[in-house]
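Comments concern the structure below.
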Amino acid sequence: MITAVTVSLLGLLALSIPVGIVLFLLGIGVDQFFTPFPLLRGLGQVVWSSSNSSTLIAIPFFVLLGEVLVRGGIAAKTYEALDKWFSWLPGGLVHANIGTATMFSATSGSSVATAATVATVAMPQADKLGYDPKLFSGAIAAGGTLGIMIPPSINLIVYGFLTETSIPRLFLAGLVPGLVMAVAFMLVTAAICKVKPSLGGQSRSFSWAERFGGLRHLVPIFLLFFVVIGSIYAGWATPTESAAVGVAIAMIIAAFNKGVSNEMIKMCLLGTVRITAMIMLVIIGAYFLNFTLTAAGMGRELKELLVGLDLSPMGTLLVVILLYIVLGFFIETLSLMVATIPIIVPIMTAMGFDKVWFGILLIVLIEMALITPPVGLNLYVVQGARKSGQLSEVMLGAVPYVLVMLAMIVGLIFLPEIALFLPDYL
Amino acid sequence: MSQKLIAAIRRTNRLIALLVGLVLMGSVALIIAEILLREVGISLGGSEEISGYVMAGVASWGLSFALTELAHVRIDLIRIKLKQRGKAFLDLLAIVTLAAVATIVAIQCWPVLSKTIERGSTANTPLETPLWIPQLIWFSGWLWFALCSCALVILTLVLLMRRNFDTADSLVGARSELELES
């Protein structure tokens, strides 16, 4: 059954059938061929109970929050402010790219939106100031991936939902690794530009007055982050409630920026419904597939397979990591997560790995998938916003940051506290 | 004729999506009202339950909009390598499978609603919501998704028989995330 499911999964995906539909089809197939029960009759109930969820409504809220920030012109202001603070470092604006991407990750849930935003604002500057297009665009693609690690993160909500893990704990666990990676990205950039100054463009410096003048543009973003994340941990609000509050604050900030109009709200709402529906079809499909796989005894079969391989927990972990790196080359990331979580996570927890910790490790792997060709969504997003040059330049530019991610994976394995310290401590 | 029908389906789905978006905004307002009232000691209750129903509605009524906007993710690794006819074939395959699955799901969702109506079930909460209301909204969203996708199958077949590949591509082709944003 494992072989049949895996082969049909990859085959149907390759035929470019929509991912959510593929998951439903597999579920129906498992029901027809591998179980004696009439599982299809449970389909309606599964669809109802998986979508009637006050947890999942945090997804459209966070998507809406990001849409409001981007379409309300707040991203552009943030970038200008960070430029003033970071452009004296070797690598100049590249740091502003990473910084803006990090800050937007912190407030919106989506990596693609983050990368698209920063790319649109930053790209016109790159040519003007003589930056190496490879490093410049690679940094945006990589910085944008932090969006799924630094809370609030839609991917962590999905992980928490599918594995029944506490979402506040996941959010806390993602914070330190996300920030560490942001800093590491900047250190790597500075090191590269120190060695080869020609990559870094002309460095500029701003007066302290200009720097502090720019700070007021960062206040709204920090405020938003602290309210959204703070209210979850202070116990005032559930993730869903804090997302709703975040939407309201973002609207107010955008209104102060004079970025709100009927047209803008319309675009935000349409974008939100489109992205949410796309995500939900995949999640509901995964939920149904999960339901049939459980009934068909997939877990037992996988366990026997792994026991047969006779690997140590660490060996299994390495196999799983390799599997994600390879699959990540080819499969879109959300689909990769929902299709594999129901199968992989139970095995890992049975081997004694922490569910929260594995979630964070998985997110780093997913981030890597976002910037590794041939299917790396962020690479295409950044390339699309550049409007000139080769896609291969973005890919090359992202390589140093992929290495940072690999280092993070090693770090998480040998020092799980990087992720677990905060949730255990608080 | 087919052009007019396509435009009408698109327009309808856009309107539906806007309505869904406004309902989302409404639930944001409801949740915030509940938090504020909680701080002054008044417990409204129920916003959690209602936002669950809203989510079920968003997740079913948004599907057809994502469909006509070509937003449902497809892995186009092989598709982009193909010539026009190959692409058209994969697009047809994709929309036919989608329509089949959507129809099966809609059919399987009906018993959930019909049993609720039969038994007059209410939610096991202080609100005691008659469950047929949210379930009717949820079920009709799936039904509309199934109807829309079946209509797209027929329209695609018509377009392909007329060798109108470009229009077929704009109806059921694949788009990247970035093309969707613009």
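Labels below follow one simple rule: chain letters A, B, ... track the order of the sequence lines, proteins then strands, and each chain is numbered from 1. The shown structure was predicted, so the numbers you read here are calculated from the model rather than taken from an experiment.
- When A:Leu270, A:Ile28, A:Leu43 are compared by the number of non-hydrogen pairs under 4.5 Å with chain B, A:Leu270 comes out ahead.
- With chain B as partner, the option from A:Thr55, A:Ile283, A:Val273 having the largest number of non-hydrogen pairs under 4.5 angstrom is A:Val273.
- Rounding to the nearest 0.5 Å gives a distance of 10.5 Å between OG of A:Ser54 and OH of B:Tyr53.
- Residue-environment remark: CZ (B:Arg10) exceeds the threshold of 12 foreign heavy atoms within 6.0 Å.
- Distance CD1/A:Ile17 to CG/B:Leu93: 4.5 Å, rounded to 0.5 Å.
- Heavy-atom pairs under 4.5 Å with chain A peak, among B:Ile31, B:Leu113, B:Ile107, B:Val58, at B:Ile31.
- Taking A:Ser231, A:Ala248, A:Ala14, A:Cys268 one by one and counting their heavy-atom pairs under 4.5 Å with chain B, the maximum is reached by A:Ala14.
- Taking each heavy atom of B:Ala94 and A:Ser16 in turn, the nearest pair found is CB-O, 3.8 Å.
- With a threshold of 4.5 angstrom between heavy atoms, A:Ile59 does not approach chain B through any atom at all.
- Taking CE from B:Met25 and CG from A:Leu269, the interatomic distance works out to 5.5 Å, rounded to the nearest 0.5 Å.
- The contact between A:Leu64 and chain B is made entirely by side chain atoms (from C-beta outward), counting heavy-atom distances below 4.5 Å.
- A distance of 11.5 Å separates CD of B:Glu69 from CD1 of A:Ile275, quoted to the nearest 0.5 Å.
- Among the candidates B:Ile35, B:Val20, B:Val54, B:Leu22, the residue making the largest number of heavy-atom pairs closer than 4.5 Å to chain A is B:Ile35.
- With a 4.5 angstrom heavy-atom cutoff, A:Ile284 touches chain B only via side-chain atoms.
- Taking 4.5 Å as the heavy-atom cut-off, the residues of residues 96-106 of chain B that approach chain A are B:Thr97, B:Leu98, B:Val101, B:Ile104, B:Val105, ordered by number.
- B:Ser60 contributes atom OG, which lies 11.5 Å from atom CG of A:Leu281 (distance to the nearest 0.5 angstrom).
- The contact between B:Ile32 and chain A is made entirely by side chain atoms (from C-beta outward), counting heavy-atom distances below 4.5 Å.
- Shown here is B:Glu49, whose CD atom has more than 12 heavy atoms of other residues, nucleotides or ligands within 6.0 Å.
- Taking the side chain to side chain donor-acceptor pair (under 3.5 Å) definition, one finds that A:Thr238 meets it with nothing, sequence neighbours left out.
- Residues A:Leu40 and B:Gln108 approach most closely at O-OE1, 3.2 Å, considering heavy atoms.
- Heavy atoms of A:Thr276 lying under 4.5 Å from chain B belong exclusively to its side chain.
- The minimum heavy-atom distance between B:Leu24 and A:Pro60, with the atom names listed, is CD1-CB, 3.7 Å.
- Smallest separation of non-hydrogen atoms from A:Ala237 and B:Arg38: CA-NH2, 4.4 Å.
- Here the closest non-hydrogen pair linking B:Met55 and A:Ile57 is SD-CA, 3.4 Å.
- Interface summary for chain B: among A:Val247, A:Val47, A:Val245, the most heavy-atom pairs under 4.5 angstrom belong to A:Val47.
- Residue pairs meeting the ring-ring contact (aromatic ring centres under 6.0 Å, His included) criterion with at least one partner in residues 99-121 of chain B, sequence neighbours excluded, are B:Trp110-B:Phe139.
- By the salt bridge (charged side-chain N to carboxylate O under 4.0 Å, His left out) test, B:Asp91 pairs with B:Arg74, B:Arg79, sequence neighbours left out.
- In A:Trp48, the CH2 atom is crowded: over 12 heavy atoms of neighbouring residues, nucleotides or ligands sit closer than 6.0 Å.
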Test side chain to side chain contact (heavy atoms under 4.5 Å, CB included) on B:Trp138 and A:Asn52 and set out the steps. CA-CA 9 Å; B:Trp138 159 78; A:Asn52 168 18; over 6 Å; no
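- The CE atom of A:Met278 sits 12.5 Å away from atom CG of B:Leu70, with the distance rounded to the nearest 0.5 Å.
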Side chain to side chain contact (heavy atoms under 4.5 Å, CB included) assessment of B:Ile78 paired with A:Leu15: CA-CA 7 Å; B:Ile78 292 179; A:Leu15 284 173; over 6 Å; no
